[in-house]
J.: 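Could you have a look at this structure, given as structure tokens, before my questions?
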Amino acid sequence: MQAIHTMQTTRPATADRGAEGAEGARPLPRPWPSGGPSGAPGAPAEVTVVIAGGDPVFRMGLAALFGPLPGLSVVAEAATVAEAVAAVERHGPRVVVMDLRPGAGTESGIEGTRRLRRLRPATAVLVMAGEDDDALFACLRAGVLGYLLRSASGTEVERAVRAVANGELLLGPGPAGRVAARVAGLSAGCSAPVPFGLTRREHEVLDLVARGLDNRAIALKLTLSQKTVRNHVSNILMKIGAAGRPEAIVRAREAGLGRTG
């Protein structure tokens, strides 16, 4: 997020370490009382935000961006999913801005998003990630309201935070285009339909399943973890309506997948 990182030197001072949550999330002081900068009756409710991400530059850049904005307040930062969960439990923010890259913990941003949505459905999650169709659609299934690329400008990020705080779905231009293509039954950038409405990665995994490869062999071939492959296979079975791997192989081969020639 180049447009944001340049502002990191103006990061607001964090609260005293003694006020930290049980999981280490760092509460930050609010620039004005709850109810907006003016405090006037009927003023729009303050948009409280938790910033979650393993990259400290990401957190510092967003904190510096949000600090001077009227009606928007960062109440905590979290380096891991566990800290984000603790911060949400403590502060009940309106928005969590989540960097999809995992932090020091073992839990991915997508898994963390699912946890946060179950914990507090009223809190909107805005994800910032790279150009990854699998991540995009996994996040939408997990219930995020916003998805931006990390290269988004500060203005785009601010607009997205305010939109999701109001319950609006907001996707950056690139992600929105890929969603539109998928809804139309097309893979992004291709004219051929993707069988069963799978993502490109799921299509690759199913093709290898149809060739008879097990999860370990698929993980090695695609340079993925076996856990990620298991998750893909589970999603594939659900999407194609297969009761198990043998039925998935049959359906995939009927669709022309699994050919080695």
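Position 1 is the first residue of the sequence, and the numbers go up from there. Hydrogens, waters and symmetry mates play no part in the numbers below; they use all other heavy atoms, side chains included.
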J.: Search all heavy atoms of Leu170 against all heavy atoms of Ala163 and return the closest pair with its distance.
T.: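 The answer is CD1-CB, 3.7 Å.
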J.: Given Arg201 and Leu222, is the side chain to side chain contact (heavy atoms under 4.5 Å, CB included) satisfied, shown in steps?
T.: CA-CA 9 Å; Arg201 179 64 83 186; Leu222 298 180; 3.8 Å; yes
J.: Without swapping roles, check the side chain of Thr48 against the backbone of Arg94 for a donor-acceptor pair under 3.5 Å.
T.: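 Present.
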J.: Salt bridge check, Arg141 against Glu202: does any charged N sit closer than 4.0 Å to a carboxylate O?
T.: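 Yes.
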J.: From Arg150 CZ over to Leu100 CG, what is the distance, rounded to the nearest 0.5 angstrom?
T.: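 Nearest 0.5 Å value for the CZ-CG distance: 6.5 Å.
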J.: Rounded to the nearest 0.5 Å, how far does CZ of Arg253 lie from CZ of Arg211?
T.: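 The CZ atom of Arg253 is 11.0 Å from CZ of Arg211, to the nearest 0.5 Å.
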J.: Does some side-chain heavy atom of Leu148 sit less than 4.5 Å from a side-chain heavy atom of Arg159?
T.: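 Counting from C-beta outward, Arg159 and Leu148 never come under 4.5 Å.
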J.: How far does CG of Asp214 sit from CG of Leu208, to the nearest 0.5 angstrom?
T.: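 Output value for this atom pair is 11.0 Å.
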J.: Do you know which two heavy atoms are closest between Leu237 and Ala248, and how far apart they sit?
T.: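 Looking at all heavy atoms of both residues, the closest pair is CD2-CB, 3.6 Å.
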J.: Between Arg200 and Glu204, is there a side-chain N and carboxylate O pair less than 4.0 Å apart?
T.: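 Answer for the salt bridge query: no.
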J.: Between Glu254 and Arg251, is the closest basic N to carboxylate O distance under 4.0 Å?
T.: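 No.
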J.: For the side-chain contact (heavy atoms from CB on, under 4.5 Å) test, which of Val74, Val47, Leu116, Thr123 pairs with Pro93?
T.: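 For Pro93, the side-chain contact (heavy atoms from CB on, under 4.5 Å) check succeeds only for Thr123.
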J.: Mind checking the CG-OG1 spacing from Leu136 to Thr199? Nearest 0.5 Å is all I need.
T.: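 OG1 of Thr199 is found 10.0 Å from CG of Leu136.
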J.: Can you find a heavy atom in the side chain of Val49 that is under 4.5 Å from one in the side chain of Leu62?
T.: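 A side-chain contact under 4.5 Å is absent here.
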J.: Group every Ile, Leu, Val, Met, Phe, Trp and Tyr by side-chain heavy-atom contacts under 4.5 Å, then state whether Val250 and Val233 land in the same group.
T.: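 Different clusters.
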J.: Any link between Leu220 and Val229 through a network of hydrophobic side chains (Ile, Leu, Val, Met, Phe, Trp, Tyr) touching at under 4.5 Å?
T.: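 Looking at the clustering, Val229 is in a separate group from Leu220.
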J.: Identify the heavy atoms of Gly53 and Asp99 that sit nearest to each other, and give their distance.
T.: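 For Gly53 and Asp99, the tightest heavy-atom pair comes out as CA-CB, 3.8 Å.
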J.: Val75 versus Val50: any side-chain heavy-atom pair under 4.5 Å?
T.: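 In contact.
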J.: How far apart are the closest heavy atoms of Leu149 and Met128, and which atoms are they?
T.: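 Shortest heavy-atom separation between Leu149 and Met128 comes out as O-CE, 3.6 Å.
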J.: Test side chain to side chain contact (heavy atoms under 4.5 Å, CB included) on Val97 and Arg59 and set out the steps.
T.: CA-CA 9 Å; Val97 181; Arg59 300 194 307 272; over 6 Å; no
J.: Is there a side-chain contact between His232 and Leu206 in this structure, where contact means two heavy atoms from C-beta onward sitting under 4.5 Å apart?
T.: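 The answer is no, as the side chains (C-beta and beyond) never meet within the 4.5 Å cut-off.
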J.: Can you name the one residue among Val96, Val125, Leu171 that meets side-chain contact (heavy atoms from CB on, under 4.5 Å) with Val144?
T.: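 When side-chain contact (heavy atoms from CB on, under 4.5 Å) is applied between Val144 and each of Val96, Val125, Leu171, only Val125 qualifies.
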J.: So if you build clusters from Ile, Leu, Val, Met, Phe, Trp, Tyr with side-chain heavy-atom gaps below 4.5 Å, do Leu119 and Val81 land together?
T.: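 Both belong to a single hydrophobic cluster.
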J.: Identify the two heavy atoms, one from Met98 and one from Phe58, that lie closest to each other, and give their separation to 0.1 Å.
T.: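 Between these two residues, the closest heavy atoms are C-CZ, 4.5 Å.
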J.: Any sub-3.5 Å donor-acceptor pair from Asp55's side-chain atoms to Val57's backbone N or O?
T.: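 Yes, Asp55 side chain to Val57 backbone: donor-acceptor pair under 3.5 Å.
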J.: Would you compute the distance between atom CD of Glu83 and atom CD of Glu77 and round it to the nearest 0.5 angstrom?
T.: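 These two atoms lie 10.0 Å from each other.
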J.: What's the spacing between Arg114 CZ and Cys139 SG if we round to 0.5 Å?
T.: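 Arg114 atom CZ to Cys139 atom SG measures 8.5 Å (nearest 0.5 Å).
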J.: For Val209 and Ile218, which heavy atoms make the closest approach, and how far apart are they?
T.: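 Nearest heavy atoms, Val209 then Ile218: CG2-CD1, 3.6 Å.
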